[in-house]
Amino acid sequence: MKNLKKFAALGLVGAMTLGLMGSTSVMAAGDTSEINGSHVFMFKSVGNAFGVIMYDGFSSYMEQVGENSTEKSPAETTVAAQVQLLDEAITQGAKSISISTNGDTGFDEVFAKAQESNIPIVSVDSKASADYRVTHNNQASTADIGAMQVRAAVMIVLGVPFDEADKSMESTVEAALADYDGEEIKIGVLSAGIDTPVQNGWIAEMEKELSKDMYAGKVSPELDKKYGDDEATKSTTQAQAFLAEGNVDVIISPTTVGIAAAGEVLTQAGSDIKLTGLGLPSEMAPYMPASADDDEFSFVCPYMMLWDVSHLGASTAAIQMAIQNDGFDGSEGSTVTMQAWGDYEEETFTAEADEDGGTGVLTGIPYVFDKNNMAEWVDKL
Ligand code: RAM
């Protein structure tokens, strides 16, 4: 709740940090300058607005504490491209590495090299192996994100609006399903890469949610999954495939690239297939209601979710600073203190055991964007 209030007040932070861009360096793939002594931030690929906003938060926090930062993200959303840039960053003397990974294998050699060079690895958004990371910065509970996307998808098919009083949507979807005796609802998923750890974690939670009794016979437990690799063109092709096949009632896209591509395809086609998932209000505005007076169900995406992406970047920087200055080692129960930043007061995060044998810190909560708050967010996130 405390976090949510802060998030609601966040507009200013977003605007402020966006204004700071340019004071730190963003490097194209292959650029080799300015790494030495700099905190390296590597997203899945360049040109993804989610990654841009996250780096913006990361660099503005680093700047606040007097440290240098550099973005070094690959042109292609692949493990191989990340490995190559990681290798360069290590050789060039990066101070730390913060990364959202494109896959869960293939990094061992380069991560071991970072460890040998005493360069701490913190993963954010998409996990790095527990063997090599100090900890993982988790944007919001994986179980909540997975379950909420399924609930939203089902509610949207049934024409049920998001109710602010039931943020998790659990009782709303249960009540809606209890009254439903129509055909089995079919859900498609337009994901990022087939091996991307973060999206696969959410999809596993979607499947868990669908195995609950309340969905039995009413919503298919089988998700129709397609992968757009977080590339706009490929995501568009996959969205077109959903359209051509006509097998699903609703698409969940747990990636900002996929949901925007699907929004465009479904809206242009005037399709009945609905859409929800994880999106940036700025990118999703053309496919969503804009004000409380709108009929949200006349839009392809009546409502969707995300979290404070800028804060996610800043809290990653705070974790790296806690490693550097406060002896934070990511062990269970150890804590990170994040300085006051933007509209946020000082915060403390605690490392908790993760199912993969490593630890993670939870720094955010999922937030639903609907017709009642889109106008407020569209210029900020
Ligand atoms: C995309 C990325 C990222 C994911 C967000 C929601 O930009 O795939 O990993 O967390 O969307």
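Quick caveat: nothing in here was measured; it's all calculated off a predicted structure. Atoms within each ligand, like the ligands themselves, are counted from 1 in listed order.
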Flag Lys44 as yes when one of its N or O atoms lies below 3.5 Å from any N or O atom of ligand 1, and as no otherwise. yes
For Lys234, check salt bridge (charged side-chain N to carboxylate O under 4.0 Å, His left out) against everything at least two apart and list the hits. Asp229
Logged contact type for Thr255 with ligand 1, heavy-atom cut-off 4.0 Å, is both
Please report the C-alpha distance between Lys127 and Ser100 in whole Å, then the side-chain angles of each, then the deciding distance to 0.1 Å, and finally whether the side-chain hydrogen bond (donor to acceptor under 3.5 Å, both in side chains) criterion is met. CA-CA 6 Å; Lys127 272 181 208 168; Ser100 172; over 6 Å; no
Heavy-atom donor-acceptor pair, Tyr61 side chain to Gln339 backbone, under 3.5 Å: yes
One finds that the ligand 1 atoms under 4.0 Å from a non-hydrogen atom of Trp202 are 10 (O)
Thr101 side-chain N/O to Ser126 backbone N/O, donor-acceptor pair under 3.5 Å: yes
Residue pairs passing the ring pair (Phe, Tyr, Trp, His ring centres under 6.0 Å) test where at least one lies in residues 271-299, sequence neighbours excluded: none
Kindly say whether the aromatic ring centers of Trp377 and Phe369 come within a distance under 6.0 Å. yes
Output the list of atoms in ligand 1 that are nearer than 4.0 Å to some heavy atom of Leu278, sorted by atom number. 6 (C)
Give the numbers and elements of all ligand 1 atoms closer than 4.0 Å to a heavy atom of Val198. 9 (O)
May I ask you to list the atoms of ligand 1 that are less than 4.0 angstrom from any heavy atom of Gln199? 2 (C), 3 (C), 4 (C), 8 (O), 9 (O)
Atom 9 (O) of ligand 1: which protein heavy atom is closest, and how many Å away? Asp125 OD2, 2.5 Å
As a check for students: among Thr256, Val52, Asp230, identify the option with a heavy atom nearest to atom 2 (C) of ligand 1. Asp230
